[in-house]
Enquirer: 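Would you mind keeping the following structure in view while I ask a few things?
Below, chains carry the letters A, B, ... as their sequence lines are ordered, and counting in each starts from 1.
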There are 2 protein chains.
Amino acid sequence: MTPVTERNSNKQTLADFKVGVDNAIFSIDTQQNRLLILLVMRHEEPYLGYWCLPGTLVRNGETLEIAADRILAEKIKVDNLYLEQLYTFGGPGRDPREAADRYDVRYLSVSYFALVRYEAAELIATGVGGIAWYPIDKLPDLAFDHRQIIEYGHQRLRNKLEYSPIAFDVLPELFTLSDIYQLYTTVLGENFSDYSNFRNRLIKLKFLEDTGIKSSRGSGRPASLYRFDPVAFAPLKDKPLLFV
Amino acid sequence: MTPVTERNSNKQTLADFKVGVDNAIFSIDTQQNRLLILLVMRHEEPYLGYWCLPGTLVRNGETLEIAADRILAEKIKVDNLYLEQLYTFGGPGRDPREAADRYDVRYLSVSYFALVRYEAAELIATGVGGIAWYPIDKLPDLAFDHRQIIEYGHQRLRNKLEYSPIAFDVLPELFTLSDIYQLYTTVLGENFSDYSNFRNRLIKLKFLEDTGIKSSRGSGRPASLYRFDPVAFAPLKDKPLLFV
DNA sequence: ACAAAAGTGTTCTGTCTACACCCATGC
DNA sequence: GCATGGGTGTAGACAGAACACTTTTGT
């Protein structure tokens, strides 16, 4: 019998929780074909000096999503972003403070998944610094169970790309078809699909508007710039369409 | 400024949480073509006398998933089941106790999605009673935001059926092809697919073993009994296969 | 014999794949 | 001209939809 159980009769064996929100913020550097995730350096115990996901404890009167937005806005300035709840990690012992702190406090993490535009994202340097994009395949040692959260988020990203149009939340207003292709190959791997087939599939879906404007990048034929048309996309919502 | 903010300086504006686990337990009555969800009657305030999802507050030392398992095992006896985390609802004000209780307590609900076999499920009658299967389209008024949780779970069920084999977790070991078809139509609606096409698609996937045993139900030609073969299914795991 | 349920087959159509090929530009 | 990247076309394999048809049982 723990002291707690002795002190209380029945209902009091309930755990008390602090609830944190941790953001897995992804972005895609298509120039260098790298999938990046935003990490910050911890300046306090536990895990002092380790990298971790940007997170916060939830304040009074704050919804989980607003907490997620807040922490994101503190670290980064973006124009466009995609944000959704990822998963809730809540096993006992996932935070060392549980042992050290006074009895019976648990730390639970509701994680959020975000995708932002790399080129438009401006990191906000906090005094001490310690914020950086890390390639997903070159992560340092991470605090808590954050590596697991990133794994989970990475999987979610791959799935989302396949059946939802989040890529367009993260592209500039005007983009070329190979911009999209680049983005997809960066996340899904080199040979997820033939370029020309990917292209045809997208065009047949009819929600990309060809502006007719041409964009030249170095040598080679200039590409048409396209624009995502949310109205034309609307009817396809919730349909099991596949971009792959 | 609220009293709270005045009393404390900075970090103390953090919310304290009780964490509950609520289970959206679905089952499918193929006899009557009904999709059912398990509800229990509340015997205490708040929402005394309302129906709600079976839930519990998380105890010390308990993972979220174990809490979900525990509450499930308290209400129902099953041989087979599918269980996964659904979503975390945590806005302030979702539980009236937040207002009445002492300052700063928030109630957060991590919901779990479960699918069990209707025929094999045996409800455990707690003394006072008040546990029942409700057809998803005939829900009574529900406590808290549980209707929203059910909506969300219902959507998850539809999606899962389309791209993962959870149906086989919930069928008896031996089943006929029209058993599966029944199950699918009950969840996805009458005209989600032609029977014969559905049939051919399944058989082409090669993970159903025809036992050769025939089963006669009333008049009509007896059907072959099939068995799900997890080994044959393994290579298809994580592939974007569609049953629809 | 007839109804009912299971299971098979067929035709039409469309989509996916894997290429080969043509086009516009910089150097 | 030719390398480079953008864009088009096509033949064959394959998969889905709709529906007619056959088989095996109970009554």
Enquirer: Any base atoms under 4.0 Å from B:S224, or only sugar-phosphate, or nothing? Heavy atoms, all strands.
Expert: sugar-phosphate
Enquirer: Using whole Å, report how far CG of B:L225 lies from P of C:dA6.
Expert: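 Those two atoms, CG and P, are 11 Å apart.
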Enquirer: How long is the span from the CG atom in A:L86 to the OG1 atom in A:T88, to the nearest 0.5 Å?
Expert: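 Taking CG in A:L86 and OG1 in A:T88, the distance rounds to 8.5 Å.
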Enquirer: Please tell me which of the listed nucleotides, C:dA6, D:dA17, D:dG7, lies nearest to the side chain of B:N197?
Expert: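 Given the options C:dA6, D:dA17, D:dG7, the side chain of B:N197 is closest to D:dA17.
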Enquirer: I need the CG-C1' distance between B:D210 and C:dT8, as an integer number of Å.
Expert: 14 Å
Enquirer: Please report the interatomic distance CD1(A:I37) to CD1(A:I28), rounded to the nearest 0.5 Å.
Expert: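 Answer for the CD1-CD1 pair, A:I37 versus A:I28, is 11.5 Å.
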Enquirer: Considering only side-chain heavy atoms of B:S178, which listed nucleotide, C:dA6, C:dG7, D:dA17, is closest?
Expert: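 Within the option list, the nearest is C:dA6.
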Enquirer: Determine whether any donor atom in the side chain of B:S193 lies under 3.5 Å from an acceptor atom in the base of D:dG16, or the reverse, and answer yes or no.
Expert: no
Enquirer: Look up atom CG in A:L115 and atom CD1 in A:I166, then write down how far apart they are to the nearest 0.5 Å.
Expert: 5.0 Å
Enquirer: How many whole angstroms separate atom CZ of B:F198 from atom P of D:dC19?
Expert: 20 Å
Enquirer: Taking CD1 from A:I203 and C1' from D:dG7, how many angstroms apart are they, rounded to a whole number?
Expert: 8 Å
Enquirer: Would you list the protein and nucleotides 24-27 of chain D atom pairs, both N or O, that sit under 3.5 Å from each other?
Expert:
unit_1 : atom_1 : unit_2 : atom_2 : d
D:dT24 : O2     : B:R221 : N      : 3.2
D:dT25 : O2     : B:G220 : N      : 3.3

Enquirer: Take atom OH of A:Y181 and atom P of D:dG5, then tell me their distance rounded to the nearest Å.
Expert: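 Spelled out: OH on A:Y181 to P on D:dG5 is 14 Å.
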Enquirer: Over 60° means perpendicular and under 30° means parallel, so tell me whether A:Y47 and A:Y50 are parallel, tilted or perpendicular.
Expert: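 The arrangement is perpendicular - the two ring planes meet at more than 60°.
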Enquirer: Would you mind reading off the distance between A:Y195 atom OH and D:dT4 atom P, rounded to a whole angstrom?
Expert: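 In whole Å, D:dT4 P and A:Y195 OH are 17 Å from each other.
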Enquirer: Angle between ring planes, A:F198 versus A:Y184, binned at 30° and 60°: parallel, tilted or perpendicular?
Expert: tilted
Enquirer: Which residue lies toward the 5' end of DNA chain D, A:R199 or B:D194, if each is placed at its nearest nucleotide?
Expert: A:R199
Enquirer: Starting from P on D:dG5, measure out to CG on A:D179 and report it in whole angstrom.
Expert: 14 Å
Enquirer: For A:R34, enumerate each residue passing the salt bridge (charged side-chain N to carboxylate O under 4.0 Å, His left out) test, keeping only those at least two apart in sequence or located in another chain.
Expert: A:D29
Enquirer: Specify whether B:F26 and B:F113 have parallel, tilted or perpendicular ring planes, treating 30° as the upper limit for parallel and 60° as the lower limit for perpendicular.
Expert: tilted
Enquirer: Atom CG of A:N200 to atom P of D:dG6: distance rounded to whole Å?
Expert: 15 Å
Enquirer: Can you tell me how the ring of A:F207 sits relative to the ring of A:F228, calling it parallel under 30°, perpendicular over 60° and tilted otherwise?
Expert: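 Taking A:F228 first and then A:F207, their aromatic rings stand perpendicular (interplane angle over 60°).
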Enquirer: Does the side chain of A:S111 pick up a donor-acceptor pair with the side chain of A:D22 at under 3.5 Å?
Expert: no
Enquirer: Report, one pair per line, the protein and nucleotides 13-15 of chain D atoms (nitrogen or oxygen only) whose separation is under 3.5 Å.
Expert:
none

